[in-house]
There are 2 protein chains.
Amino acid sequence: MKNKIKKAHCAVDYAFQRIGGKYKGRILWILRDGFLRYGELKRAVVGITPKMLTQTLKELEADELIFRKVYLEVPPKVEYSLTDTGKELIPFISLMRTWGEKQMSSD
Amino acid sequence: MKNKIKKAHCAVDYAFQRIGGKYKGRILWILRDGFLRYGELKRAVVGITPKMLTQTLKELEADELIFRKVYLEVPPKVEYSLTDTGKELIPFISLMRTWGEKQMSSD
DNA sequence: TACTTAATTGTACGTAGTTGCACTAAAGAT
DNA sequence: ATCTTTAGTGCAACTACGTACAATTAAGTA
């Protein structure tokens with residue numbers, strides 16, 4: 001089983017289930033141009049707990065939206081980056097971001 | 001107070017808070033071209049309970065993404081449609097839908 | 001008089017998502 | 001031997017999200 005989508009009633013439902021979640025959008029957006037280590041992500045995703053970060057990264061990895069590369073070093077080093085499928089979501093998150101910015105400024 | 005966004009760390013976060021929720025995307029998509037009555041929406045959003053539909057519609061209305069028009073008749077008649085702000089989200093939901101369709105077929 | 005219809009509302013309950021905090025591993029430096 | 005660093009894990013608590021089902025309103029019809 002590739003991921004944890006229960007039952008999608010339509011493609012919109014499916015997509016929302018896959019990138020819903022409190023931090024998924026932000027993480028994907030932050031990873032848009034490059035490789036980030038766990039600690040860098042933790043600093044970038046302001047307010048996230050290590051527990052949630054780990055959990056969310058695992059889900060994104062299971063969903064094949066991000067790639068996790070482990071370096072066998074001590075202290076440990078792990079780098080995260082977008083997969084091709086994940087990269088396909090960037091234009092759409094970008095659109096959403098533009099809309100969000102506009103809305104925030106007009107409140 | 002216009003809506004219930006607590007604190008957005010960035011525009012991506014803000015946008016996701018505003019159209020997150022289990023049914024919001026689907027409802028907006030269904031309303032993309034026209035006016036629908038409560039009962040019609042209930043049939044269109046397969047699996048939703050009347051309680052959740054009412055609640056979600058209220059949130060979308062408070063967020064100014066949909067417009068609610070009440071006809072003073074008996075039995076009651078209420079029509080929902082997208083506001084201009086809501087319409088701006090359609091291209092992006094459309095993109096998401098395309099991505100979702102592609103993903104669903106490749107599983 | 002009772003029944004039907006449309007769009008809800010209210011209460012109670014159950015599950016899923018999120019948080020807080022303490023804790024671990026393993027090598028190298030002090 | 002203890003300290004430091006990085007990337008986590010484990011558990012309990014809490015809150016938000018979602019479900020189930022009964023009840024409401026008020027005019028029109030049988």
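Values below: all heavy atoms of this structure, side chains included; hydrogens, waters and symmetry mates excluded.
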### Task
State which of C:dT9, D:dT6, C:dT18 makes the closest approach to the side chain of A:Arg37.
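The listed nucleotide nearest to A:Arg37's side chain is D:dT6.
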
### Summary
Taking C:dT18, D:dG8, C:dT9 as options, the one with an atom nearest any side-chain atom of A:Tyr23 is C:dT18

Is [Y] close to [X] at the side-chain level, that is, under 4.5 Å between some pair of heavy atoms?
| X | Y | value |
| --- | --- | --- |
| A:Lys24 | A:Glu59 | yes |
| B:Ile19 | B:Leu60 | no |
| B:Arg37 | B:Tyr71 | no |
| B:Leu41 | B:Leu57 | yes |

What is the distance from [atom1] of [X] to [atom2] of [N], rounded to the nearest Å?
| X | N | atom1 | atom2 | answer |
| --- | --- | --- | --- | --- |
| B:Gln55 | C:dA12 | CD | P | 17 Å |
| A:Arg26 | C:dT18 | CZ | C1' | 14 Å |
| A:Ile48 | C:dG17 | CD1 | C1' | 13 Å |
| A:Arg43 | D:dG8 | CZ | P | 14 Å |
| B:Lys58 | C:dG10 | NZ | P | 8 Å |
| B:Leu53 | C:dA7 | CG | C1' | 10 Å |
| A:Leu57 | D:dT6 | CG | C1' | 14 Å |
| A:Leu72 | C:dA26 | CG | P | 13 Å |

### Query
Should B:Glu40 and B:Lys42 be marked as a side-chain contact (heavy atoms from CB on, under 4.5 Å) after you check the CA-CA gap, both sets of side-chain angles, and the distance that decides it?
CA-CA 5 Å; B:Glu40 295 173 321; B:Lys42 192 147 81 74; over 6 Å; no

### Summary
Whichever of A:Tyr38 and B:Gly47 has the more 5' nearest nucleotide on DNA chain D, that residue is A:Tyr38

### Task
Consider only side-chain N and O atoms of A:Gln103 and B:Tyr14, and report whether a donor and an acceptor are under 3.5 Å apart.
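Side chains of A:Gln103 and B:Tyr14: no pair found under 3.5 Å.
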
Is there a side-chain contact between [X] and the phosphate of [N], meaning an N or O under 4.0 Å from OP1 or OP2?
| X | N | value |
| --- | --- | --- |
| A:Tyr71 | C:dA27 | no |
| B:Lys22 | D:dT19 | yes |
| B:Arg68 | C:dT8 | yes |
| B:Tyr80 | C:dT8 | yes |

### Protein proximity profile, nucleotides 20-30 of chain D - base contact B, sugar-phosphate-only contact S, no contact -, cut-off 4.0 Å on heavy atoms
B-----BB---

### Query
Hey, does the Lys NZ or Arg CZ of A:Arg26 hover above the aromatic six-ring of A:Trp29, less than 6.0 Å from the centre and inside 45° of the axis?
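That pair does not qualify as a cation-pi contact.
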
